[in-house]
Protein chains: 2
Amino acid sequence: MIELRHLKTLAALRDTGSLVEAAERVFLTQSALSHQIKDLEERLNCSLFIRKTKPICFTSAGQRVLTLADEVLPMIRNAERDIARLAGGETGRLNMAIECHSCFQWLMPTIDLFRENWPEVEMDLSSGFSFSPLPALARGELDLVITSDPQEMNGICYEPLFSYEVQVALSKKHPLARKSHIEPEDFVEETLICYPVDRNRLDVFTRFLDPADIEPKEVRTAELTVMMLQLIASGRGISALPSWALTEYVDRDYVAVRPLSAKGIWTTLYAAIRDDQRDAEFMRDFLTTARETSFRNLSGIRTAAK
Amino acid sequence: MIELRHLKTLAALRDTGSLVEAAERVFLTQSALSHQIKDLEERLNCSLFIRKTKPICFTSAGQRVLTLADEVLPMIRNAERDIARLAGGETGRLNMAIECHSCFQWLMPTIDLFRENWPEVEMDLSSGFSFSPLPALARGELDLVITSDPQEMNGICYEPLFSYEVQVALSKKHPLARKSHIEPEDFVEETLICYPVDRNRLDVFTRFLDPADIEPKEVRTAELTVMMLQLIASGRGISALPSWALTEYVDRDYVAVRPLSAKGIWTTLYAAIRDDQRDAEFMRDFLTTARETSFRNLSGIRTAAK
DNA sequence: TACTATACTTGAATTTCGTTCATATAGGAT
DNA sequence: ATCCTATATGAACGAAATTCAAGTATAGTA
């Protein structure tokens with residue numbers, strides 16, 4: 001009667017608040033979910049949520065299904081992982097590298113959770129690679145690299161984790177804070193603060209400033225996100241960062257954020273891995289855990305299609 | 001990945017011990033289960049049970065799936081019942097009557113379980129109806145009658161509960177106990193003990209003795225199953241009873257049992273209910289509970305198709 | 001008041017997936 | 001051997017879930 005698919009859908013509906021986003025989460029169309037829920041409702045012969053309410057509101061039957069989902073889905077997940085361990089061996093190596101420091105925010109909880117479930121997998125994490133991590137990945141010194149610009153390379157594949165918006169962080173008193181969104185021209189008189197990496201690996205340049213042929217007045221670098229935000233808050237410059245890395249500062253009313261252009265610039269974050277580890281059970285589970293953890297902890301992110 | 005369907009199948013496989021019977025339990029063909037399991041196995045990429053072993057033997061992965069099933073399926077069941085209560089109202093009336101006293105064996109636990117879940121439903125049970133219960137059911141004095149011979153009647157429908165074999169119980173020292181099965185002719189010199197009901201409502205007569213035009217030497221009646229067994233054990237007669245009513249006496253080595261004819265005589269037990277209560281949520285749940293309880297407590301019974 | 005955007009619903013078309021049917025294979029018993 | 005029972009397999013079918021293409025509804029905006 002009730003199927004796991006229904007539980008996943010309802011949970012996604014609660015987590016996202018809308019059919020459109022829920023559909024994206026479960027990799028279906030919004031129409032499919034509409035049919036699916038309608039079908040379930042008439043099989044249970046009662047409605048599950050009140051339509052046309054902004055903060056989506058579940059009926060008591062809907063809530064009952066949700067508590068069921070919260071009980072059952074983790075159990076299924078755990079069993080699948082246990083079986084994966086039984087089937088695919090418990091050990092492996094997972095040396096990771098990240099290019100962007102803000103990734104710690106979701107990577108740390110991910111690693112913690114993963115280590116609990118795969119105690120035998122040897123893990124290591126190196127950040128701020130002075131050298132380019134991709135060749136090291138290909139050579140087998142690294143096993144996974146978090147990156148937002150996939151570069152075609154033999155033996156390497158990219159597993160999408162999630163998509164996010166790149167937003168401008170600026171002082172609340174900054175004149176540009178009065179605009180609803182930032183245009184390329186707005187940068188000509190600004191100091192842009194960014195991570196110390198090659199500029200053609202930064203979306204602000206490749207997808208925003210370069211196409212408009214605009215150059216900021218000055219570019220300066222900072223290694224750590226916190227440092228950047230100090231500079232920004234004190235009006236020493238502006239920066240383009242993942243929206244999820246900024247929410248905590250916005251919540252504390254420390255800085256203001258604005259989208260790049262009217263529609264905003266969206267990127268997706270990938271895990272680069274070697275083809276030969278692609279089907280390893282521990283690797284598959286790491287990726288799933290990373291996605292789960294991110295969706296749980298980060299706001300404003302979306303599913304990334306392959 | 002794993003679906004509820006898989007959990008149900010695996011649990012049925014464990015409970016019945018063979019694909020053929022498991023298939024019957026979940027109302028599918030044996031072929032379907034074979035495909036289904038094979039499919040799951042390659043998706044999990046590990047086998048779930050060792051084939052060609054008499055007492056079916058699960059791998060550790062298979063056992064993991066089974067523990068998952070044992071955790072999850074009852075939760076689903078409970079949630080569905082909760083929602084049924086929310087949707088269909090919590091109250092109702094359920095006056096029951098049974099014709100055969102041995103039914104207490106599965107009916108009592110069923111009633112106990114049901115009462116826990118539907119405290120608001122008013123229940124009553126009358127046994128040994130002196131009058132015919134079916135008209136009382138039609139009139140609305142009764143709501144459910146347990147019977148093994150459905151008689152077409154307006155406004156009444158029959159919900160199959162389970163099928164069982166009618167077997168001959170006889171003293172272990174009885175000469176007929178040496179035979180592997182009993183033929184109609186074997187009755188000509190025997191005393192047959194049966195419940196005090198019309199003889200054309202008893203399968204021994206309608207489906208076994210009458211077609212062969214055989215009459216037992218003597219027919220005597222007893223109200224209670226225990227009484228019958230005392231008579232049988234002391235060699236005062238033989239009787240034809242549901243196999244599940246006899247297992248406890250066989251286990252205690254109190255009597256012997258033999259099938260009627262080589263293939264055995266199978267009957268199915270029905271719940272007769274009024275059409276107007278057929279779709280009541282509490283009624284549906286009662287029937288499901290009865291089936292579940294029977295399969296759990298009774299041995300040698302099988303699913304009954306409508 | 002009309003316009004535009006957003007969110008959901010609906011029916012029909014379509015694809016996918018599970019099931020059945022018919023048949024093959026393998027053990028175990030006689 | 002052979003029969004019998006249990007499981008496996010491939011092809012064909014059918015039902016069910018999903019997508020596609022429109023349609024309705026509501027809120028925000030000019």
Side-chain angles (χ1 to χ4, degrees), chain A residues 1-10 12-44 47-59 62 180-181 259 261-264 266 300 302-303 305-306, chain B residues 1-10 12-44 46-59 62 180-181 259 262-264 266 300 302-303 305-306:
Chain A
M1 175 112 246
I2 292 185
E3 290 296 320
L4 292 185
R5 154 173 56 96
H6 299 129
L7 301 185
K8 289 178 187 149
T9 299
L10 262 271
L13 186 56
R14 173 193 51 193
D15 296 346
T16 61
S18 91
L19 270 195
V20 184
E21 279 194 81
E24 185 172 274
R25 277 278 175 101
V26 296
F27 298 100
L28 290 176
T29 60
Q30 171 272 324
S31 174
L33 290 208
S34 184
H35 282 295
Q36 194 185 92
I37 294 174
K38 185 186 165 204
D39 176 65
L40 179 62
E41 284 182 330
E42 53 200 37
R43 277 197 284 174
L44 297 175
S47 64
L48 297 169
F49 65 98
I50 320 288
R51 282 100 220 285
K52 62 183 92 170
T53 50
K54 336 257 156 87
I56 198 164
C57 180
F58 293 90
T59 65
S180 66
H181 59 269
S261 86
K263 317 130 287 163
W266 285 77
R302 328 192 90 200
T303 301
K306 181 67 187 189
Chain B
M1 177 111 242
I2 292 182
E3 291 294 323
L4 292 185
R5 154 173 56 96
H6 299 129
L7 300 185
K8 288 179 188 150
T9 298
L10 262 269
L13 186 56
R14 174 194 49 195
D15 295 347
T16 62
S18 90
L19 271 194
V20 183
E21 279 194 81
E24 183 172 275
R25 279 277 175 102
V26 296
F27 297 100
L28 290 175
T29 61
Q30 168 272 323
S31 174
L33 290 208
S34 184
H35 283 296
Q36 193 186 91
I37 294 174
K38 184 184 166 205
D39 177 65
L40 180 62
E41 285 182 328
E42 52 201 38
R43 277 197 284 175
L44 297 175
C46 63
S47 64
L48 296 170
F49 65 98
I50 320 289
R51 282 104 221 283
K52 62 182 92 169
T53 51
K54 336 252 153 89
I56 199 164
C57 178
F58 293 89
T59 64
S180 66
H181 58 268
K263 318 130 281 164
W266 286 77
R302 329 192 89 202
T303 303
K306 180 71 187 184

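The chains referred to below are lettered A, B, ... by the order of the sequence lines, with proteins before strands, and numbering in each begins at 1.
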Asks: Rounded to the Å, how far apart are A:E42 CD and C:dT9 P?
Replies: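 In whole Å, C:dT9 P lies 12 Å from A:E42 CD.
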Asks: Rounded to the nearest Å, what distance is computed from the CD1 atom of residue B:I56 to the P atom of nucleotide D:dA6?
Replies: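 Checked: the CD1 to P distance equals 12 Å.
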Asks: Please name the residue in the list B:T59, B:L10, B:I37 that meets the side chain to side chain contact (heavy atoms under 4.5 Å, CB included) test with B:F49.
Replies: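 Testing each of B:T59, B:L10, B:I37 against B:F49, the sole residue satisfying side chain to side chain contact (heavy atoms under 4.5 Å, CB included) is B:I37.
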Asks: side-chain hydrogen bond (donor to acceptor under 3.5 Å, both in side chains) with A:T9: which of A:Q36, A:E3, A:R14?
Replies: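 Running side-chain hydrogen bond (donor to acceptor under 3.5 Å, both in side chains) over A:Q36, A:E3, A:R14 with A:T9 returns exactly one hit, A:Q36.
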Asks: Which atoms form the tightest heavy-atom contact between B:L4 and A:I2, and what is the distance?
Replies: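 Closest pair (atom of B:L4, atom of A:I2, distance): CD1-O, 3.2 Å.
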Asks: Minimum heavy-atom separation for A:P259 to A:G264, with atom names?
Replies: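 Shortest heavy-atom contact: CB-CA, 4.4 Å.
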Asks: Atom CD of B:E24 and atom P of D:dA6: how far apart are they, to the nearest Å?
Replies: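 It is 11 Å, rounded to the nearest whole Å.
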Asks: Within this structure, what is the NZ-to-P distance between A:K38 and D:dA17, rounded to whole angstrom?
Replies: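 The distance from NZ of A:K38 to P of D:dA17 comes to 13 Å, rounded to the nearest Å.
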Asks: Is the phosphate of C:dA7, meaning OP1 or OP2, less than 4.0 Å from a side-chain N or O of A:R51?
Replies: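 So the side chain of A:R51 is outside the cut-off, no N or O lying under 4.0 Å from OP1 or OP2 of C:dA7.
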Asks: Specify the separation, in whole Å, of atom CD of A:E41 and atom P of C:dC8.
Replies: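 From A:E41 CD to C:dC8 P: 13 Å.
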Asks: Residues two or more places apart in sequence or in another chain: which of them pass side chain to side chain donor-acceptor pair (under 3.5 Å) with B:R5?
Replies: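 Side chain to side chain donor-acceptor pair (under 3.5 Å) list for B:R5, sorted by chain: empty.
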Asks: Whole angstrom is fine here: how far is it from CD1 in A:I37 over to C1' in C:dT10?
Replies: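 Whole-Å distance recorded here is 15 Å.
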Asks: Heavy atoms only: give me the nearest A:T303-A:R25 pair and the separation to one decimal.
Replies: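 Looking at all heavy atoms of both residues, the shortest contact is OG1-CA, 3.5 Å.
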Asks: From CG of A:D39 over to C1' of C:dT10, roughly how many Å is that when rounded to an integer?
Replies: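 My rounded result for the distance is 14 Å.
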Asks: Does the protein touch nucleotides 19-30 of chain D at the base, only the backbone, or not at all? Give it as B, S and - per nucleotide, heavy atoms under 4.0 Å.
Replies: BB-----S----
Asks: Just the rounded figure in Å: distance from P of C:dA26 to CG of B:L19.
Replies: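 After rounding, the gap between these two atoms is 17 Å.
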Asks: At under 4.0 Å between heavy atoms, what does A:S18 touch on the DNA or RNA strands: base, sugar-phosphate, or nothing?
Replies: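 Sugar-phosphate, no base atom in range.
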